[in-house]
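Because the structure is a prediction, the values reported are computed rather than measured. Reminder, nothing fancy here: chain letters follow the sequence lines and each chain counts from 1.
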Amino acid sequence: MLRTHTCGELSEQQCGQSVTLCGWVDSYRDHGGGLFVDLRDRYGVTQVVFNPPDTPVDAIEASKGLRSEFVIKAVGNVAERPEGMANPKLATGAIEVRVTEFQILNKSLVPPVVPNGQELPGEDLRLKHRYLDLRRPAMQRIMMLRARMIKTMRDHCTQQGFVDIETPVLGRSTPEGARDYLVPSRVNQGTFYALPQSPQLYKQILMVAGFDRYMQVARCFRDEDLRADRQPEFTQLDLEMSFVDSDDVIGVIDGLVARLAKEELGLDVPTPLPRMTYDEAMERFGHDAPDLRFGLEIIECTDLAAKSDFGVFKNVAKSGGRVRAINVKNGLSQYSRRGIDALTEFVKEFGAKGLAWFRAEEDGKLGGSIAKFFSEELLAEFGGRMAAEPGDLILFSADQFAATCRVLHALRTKIAREMKLTKPGEMHFSWVEEFPMFDFDEDEQRWQAMHHPFTAPLERDLAHLEDDPGKCRAQAYDLVINGSEAGGGTIRIHDAEIQQKVFSLLGIDEATAKERFGFLLDALQYGAPPHGGIALGIDRWVMLFGELENIRDCIAFPKTQKATDLMTEAPGTVDAKQLKELGVKIDA
RNA sequence: GGCGCCGUAGCUCAAUUGGUUAGAGUACUGGACUGUCGAUCCAGUGGUUGCGGGUUCGAGUCCCGUCGGCGUCGCCA
């Protein structure tokens with residue numbers, strides 16, 4: 001090693017010792033007679049001093065050439081700082097290293113991204129010079145958090161008997177679901193591998209193979225448009241277990257949640273984690289991944305709305321729609337008339353035609369522009385139903401059920417953010433289970449699997465496969481952290497007859513099924529044990545544990561919204577020779 | 001694919017209603033300084049206002065197109 005210590009570990013204990021530190025020049029202060037350098041590595045910052053009499057004159061002269069981000073090796077004596085010169089802002093601030101000799105290991109250009117900078121440069125610059133951005137203590141903290149979290153996940157699973165098995169990255173395209181990233185085959189021209197959207201089929205086959213408990217930290221790929229919490233390439237903790245039901249899989253993850261929350265955040269999370277059904281989540285929160293850190297629960301008002309003279313409410317109630325509302329406690333302090341107008345514009349983005357609202361007046365009565373369509377008694381009933389108190393703002397959505405969910409969920413989330421209803425560092429973990437097996441695709445006029453076509457229905461809903469697929473619920477469960485879907489899994493079908501029914505409902509005929517995943521169906525016929533599993537989005541977990549606003553900040557080398565890498569400039573063009581070998585022609 | 005925000009010095013930002021030679025902080029360069037820690041003081045360098053076109057006596061500012069970054073809807077079984 002070129003160094004004897006890191007820049008984070010020296011204290012009064014080493015006073016008098018000669019040490020050697022290596023690191024980057026975080027900052028320097030030139031005083032003419034001497035020079036101070038804050039030397040940085042990933043462990044911390046230590047002040048190294050180039051001053052007489054410890055430092056020879058020629059070394060002091062040479063030190064004047066030091067600049068930001070130069071890499072140096074400094075040999076010197078650890079000394080307590082002079083009286084009153086300790087720096088409490090620095091972990092090593094009680095001491096300094098008085099340099100006796102030093103060496104510039106490497107110079108640096110003027111860095112466009114300054115690791116200790118007060119102002120964060122634009123994200124495009126940070127991504128282009130990611131090696132500089134990753135030197136920032138905030139990024140180093142997150143990368144180390146990520147590494148610890150993944151290690152804990154592996155440890156937790158290993159301790160419970162899971163076997164870590166790698167599955168192929170070069171696989172076969174299965175056209176349902178997200179778009180695949182494709183890799184042309186050179187040896188078999190005209191054919192393509194697909195990068196996995198998840199190791200789903202392989203892990204089920206590993207259950208058939210008898211591995212009983214499988215785990216993998218798996219890289220997954222989806223060629224879809226990006227979001228703040230979505231990357232085209234992401235990492236999952238992928239699990240599969242044999243001879244289990246939903247509770248067993250959930251139990252493994254409950255333990256992991258409690259352990260990670262304790263170790264990384266110091267939080268005591270009681271287990272089992274709370275659970276609610278999908279139907280309850282949609283009724284109470286309008287979303288299948290509700291943020292339970294705050295209230296703003298949805299309240300059913302269709303019966304009251306039907307009694308009013310307000311055309312919108314009456315018509316919706318008559319036509320089988322729903323009138324639902326949220327009570328924004330003390331909302332009038334946040335939303336003036338203009339604020340409510342802004343909310344109205346906002347809900348239009350989600351397909352609402354308008355936003356009906358009441359305000360709770362000083363005397364507790366409900367008022368507002370639509371109040372005239374309601375009798376005194378009816379207003380009082382609304383007030384009672386909503387538990388309205390002076391200052392409250394009541395917002396309605398009147399539409400078909402799904403539309404009210406969309407609008408009220410959007411409002412809930414936006415208002416919680418604007419009214420700061422969540423506390424920093426607050427974490428809420430819960431499960432949503434019993435998802436519908438299918439949803440109906442209006443465009444294509446057919447049923448689609450809500451999860452994937454191997455998801456097992458609830459025992460008690462088996463009959464619905466025949467009479468009413470829309471009512472059939474799945475043995476599916478999603479882990480929700482602070483309103484984010486942090487993982488999801490299902491118990492799989494291991495019965496050929498049920499599998500056949502599901503396929504035919506989805507309009508997948510025998511030939512298609514055989515072509516797309518015949519290998520899995522084959523395997524399932526050779527003694528497949530009952531099995532199920534789950535996949536957790538590791539990037540999202542790190543993002544939530546690290547309180548980050550976007551997923552890129554917890555990935556060392558992320559892609560931009562257009563799925564490019566600004567540092568390597570991937571994707572890039574390739575030689576005509578390479579294309580020829582692959583038998584690929586560019587049609588553009 | 002739709003909608004929205006943004007792009008000015010190495011970096012972070014400013015520039016009144018379209019009006020003089022596009023400014024500030026920081027960084028950088030040179031100088032001063034024996035204890036600083038966002039060092040301080042003095043001086044200086046640094047600009048095709050993303051790119052292309054248009055309107056105008058005059059464009060960083062307005063219009064059209066385009067490129068790039070971000071957010072969001074669609075999409076993500």
Side-chain angles (χ1 to χ4, degrees), chain A residues 26-39 45-55 60 64 67-69 79 81-90 92-93 96 98 109-129 132 174-180 197-198 200-201 220-232 234 345-346 348-351 406 410 413-414 435-439 441 443 446-455 474 476 485 488 490 502 506 508 516-517 537 549-550 552 559-562 564 566 569:
Chain A
D26 196 59
S27 63
Y28 60 96
R29 295 172 289 281
D30 185 350
H31 282 256
L35 182 106
F36 299 88
V37 167
D38 288 340
L39 196 63
V45 172
T46 298
Q47 174 167 276
V48 297
V49 184
F50 301 77
N51 244 356
D54 304 74
T55 315
I60 294 178
K64 291 183 183 302
R67 291 295 178 270
S68 277
E69 300 309 309
R81 294 203 189 180
E83 186 72 26
M85 296 298 163
N87 183 353
K89 281 189 259 178
L90 220 54
T92 61
E96 63 194 14
R98 295 184 181 155
L109 299 175
V110 175
V113 175
V114 185
N116 73 349
Q118 306 293 309
E119 295 140 329
L120 197 57
E123 197 171 358
D124 43 354
L125 256 192
R126 291 174 51 207
L127 291 175
K128 182 170 166 58
H129 303 278
L132 295 176
T174 52
E176 265 194 270
R179 244 177 245 119
D180 286 322
Q197 298 177 27
S198 89
Q200 180 63 36
L201 304 183
C220 305
F221 306 84
R222 292 180 190 174
D223 186 7
E224 295 293 344
D225 286 354
L226 275 52
R227 286 289 186 284
D229 62 354
R230 215 196 282 167
Q231 282 274 302
F234 59 99
E345 284 310 303
F346 173 74
K348 284 180 182 169
E349 292 172 38
F350 296 87
R406 211 161 48 234
T413 314
K414 179 185 175 69
F435 280 73
M437 282 285 286
F438 312 99
D439 54 6
D441 186 325
D443 295 339
R446 65 182 186 96
W447 292 104
Q448 286 202 326
M450 196 139 166
H451 201 84
H452 59 64
F454 313 109
T455 301
E485 182 194 330
T490 66
V502 171
L506 294 173
I508 301 174
R516 288 192 190 164
F517 15 73
E549 289 188 356
N550 75 65
R552 296 179 296 280
K559 305 270 190 294
T560 67
Q561 201 171 65
K562 290 191 71 189
T564 64
L566 293 179
E569 297 185 313

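Residue-level contact check: Phe454(A) touches neither bases nor backbone, having no heavy atom under 4.0 Å from any strand. Using a 4.0 Å heavy-atom cutoff across all strands shown, Arg406(A) reaches no nucleic acid atom at all. Residue contacts shown for Glu96(A) include a base, since a base heavy atom lies under 4.0 Å away. When heavy atoms are screened at a 4.0 angstrom cut-off, Pro82(A) is found touching base atoms of the nucleic acid. Here Leu109(A) lies out of heavy-atom contact (under 4.0 Å) with every strand. Here Gly34(A) lies out of heavy-atom contact (under 4.0 Å) with every strand. Nucleic acid contact class of Leu566(A) (heavy atoms, under 4.0 Å, all strands): sugar-phosphate only.
In this structure, C3(B) and G71(B) make a Watson-Crick or G-U wobble pair, each of the two defining distances being under 3.5 angstrom. Under the Watson-Crick or G-U wobble criterion, with both distances below 3.5 Å, C57(B) is paired with G19(B). In a base pair of the Watson-Crick type (N1 to N3 plus N6-O4 or O6-N4) or a G-U wobble (N1-O2 and O6-N3), with each distance short of 3.5 Å, U66(B) is matched with G50(B). Nucleotide A9(B) forms a pair with no other nucleotide shown, judged by Watson-Crick or G-U wobble geometry with both contacts under 3.5 Å. Base pairing of A32(B): its partner is U40(B), meeting the Watson-Crick or G-U wobble criterion (both donor-acceptor distances under 3.5 Å).
The same atom, C1', is picked in U49(B) and in A59(B); the two are 11 Å apart, to the nearest Å. Using P as the reference atom, G23(B) and A9(B) are 14 Å apart when rounded to the nearest Å. For the P atoms, the distance linking C3(B) with G74(B) amounts to 16 Å, nearest Å. The separation of G10(B) from U45(B), taken at their P atoms, amounts to 15 Å, rounded to a whole angstrom. Going from the C1' atom of U17(B) to that of C62(B) covers 12 Å, rounded to whole Å. For G52(B) and G60(B), the P atoms lie 13 Å apart once the distance is rounded to whole Å. Using C1' as the reference atom, A27(B) and U34(B) are 26 Å apart when rounded to the nearest Å. Nucleotides U8(B) and G50(B) have their P atoms positioned 6 Å apart, rounded to a whole Å.
Toward the 5′ end of RNA chain B lies the nearest nucleotide of Pro121(A), the other residue of the pair Pro121(A) and Thr174(A) mapping further downstream. Between Asp225(A) and Asn51(A), it is Asn51(A) whose nearest contact on RNA chain B lies nearer the 5' terminus.
Contact check for Pro115(A) versus Glu69(A): side-chain heavy atoms found under the 4.5 Å cut-off. Inter-residue side-chain proximity for Gln231(A) and Leu226(A) is flagged as met; some heavy-atom pair is nearer than 4.5 Å. In this structure the side chain of Asp180(A) reaches within 4.5 angstrom of the side chain of Gln197(A), judged on heavy atoms. Annotation: side chain of Thr455(A) is not in contact with side chain of Met450(A) (no heavy-atom distance under 4.5 Å).
For Pro82(A), the side chain to side chain contact (heavy atoms under 4.5 Å, CB included) criterion is met by Met85(A), Glu96(A), Arg98(A), not counting sequence neighbours. For the side-chain hydrogen bond (donor to acceptor under 3.5 Å, both in side chains) test, residues two or more places apart in sequence or in another chain that qualify with Asp26(A) are Arg40(A), Asn116(A).
For the pair Arg29(A) and A39(B), the criterion of a side-chain N or O lying under 4.0 Å from OP1 or OP2 is met. For Lys562(A) and G68(B), the shortest distance from a side-chain N or O to OP1 or OP2 is below 4.0 Å. A close approach under 4.0 Å does occur between a side-chain nitrogen or oxygen of His31(A) and OP1 or OP2 of G35(B). Contact annotation: Tyr28(A) side-chain N/O to C28(B) OP1/OP2 distance is under 4.0 Å. Between Thr560(A) and G69(B) there is a side-chain polar atom (N or O) within less than 4.0 angstrom of OP1 or OP2. Residue Thr564(A) has a polar side-chain atom (N or O) positioned under 4.0 Å from OP1 or OP2 of G69(B). An OP1 or OP2 oxygen of G38(B) is reached within less than 4.0 angstrom by a side-chain nitrogen or oxygen of Lys89(A). Between Arg227(A) and C73(B) there is a side-chain polar atom (N or O) within less than 4.0 angstrom of OP1 or OP2.
No salt bridge links Arg230(A) with Asp225(A); every basic N to acidic carboxylate O contact stays at or beyond 4.0 Å.
Residue Ser68(A) places its side chain closer to C28(B) than to any other of U12(B), C28(B), G10(B). When distances run from any side-chain atom of Asn550(A) to the nucleotides C70(B), G71(B), C76(B), the shortest one goes to G71(B). Checking C37(B), U12(B), C33(B) against the side-chain heavy atoms of Asp30(A) singles out C33(B) as nearest. With C75(B), G25(B), G35(B) as the choices, the nucleotide that has an atom nearest any side-chain atom of Arg230(A) turns out to be C75(B). Here the nucleotide nearest the side chain of Glu224(A), chosen from C37(B), C11(B), C76(B), is C76(B).
For the pair Gln231(A) CD and C76(B) P, the computed distance is 18 Å after rounding to whole Å. Rounded to whole Å, atom C1' of G69(B) lies 14 Å from atom CG of Leu120(A). Here the P atom of nucleotide U40(B) and the CZ atom of Phe36(A) are 14 Å apart, to the nearest Å. For the pair Asp124(A) CG and C70(B) P, the interatomic distance rounds to 8 Å; values are reported in whole Å. Rounded to whole angstrom, the span from the CZ atom of Phe350(A) across to the C1' atom of G4(B) amounts to 13 Å. Note: CZ (Arg179(A)) to C1' (G1(B)) measures 10 Å, nearest angstrom. Counting to the nearest Å, the P atom of C3(B) and the CD atom of Gln561(A) are 15 Å from each other. The separation between Asn116(A) atom CG and U12(B) atom P is 15 Å, rounded to whole Å.
Within 3.5 Å, no donor on the side chain of Gln118(A) pairs with an acceptor on the base of U12(B), nor the reverse. One donor-acceptor pair, N or O on each side, does fall under 3.5 Å between the base of C37(B) and the side chain of Arg81(A).
The 12-atom threshold is exceeded at CZ of Arg516(A), counting heavy atoms of other residues, nucleotides or ligands nearer than 6.0 Å. Within 6.0 Å of the NZ atom in Lys562(A), the count of heavy atoms belonging to other residues, nucleotides or ligands does not exceed 12.
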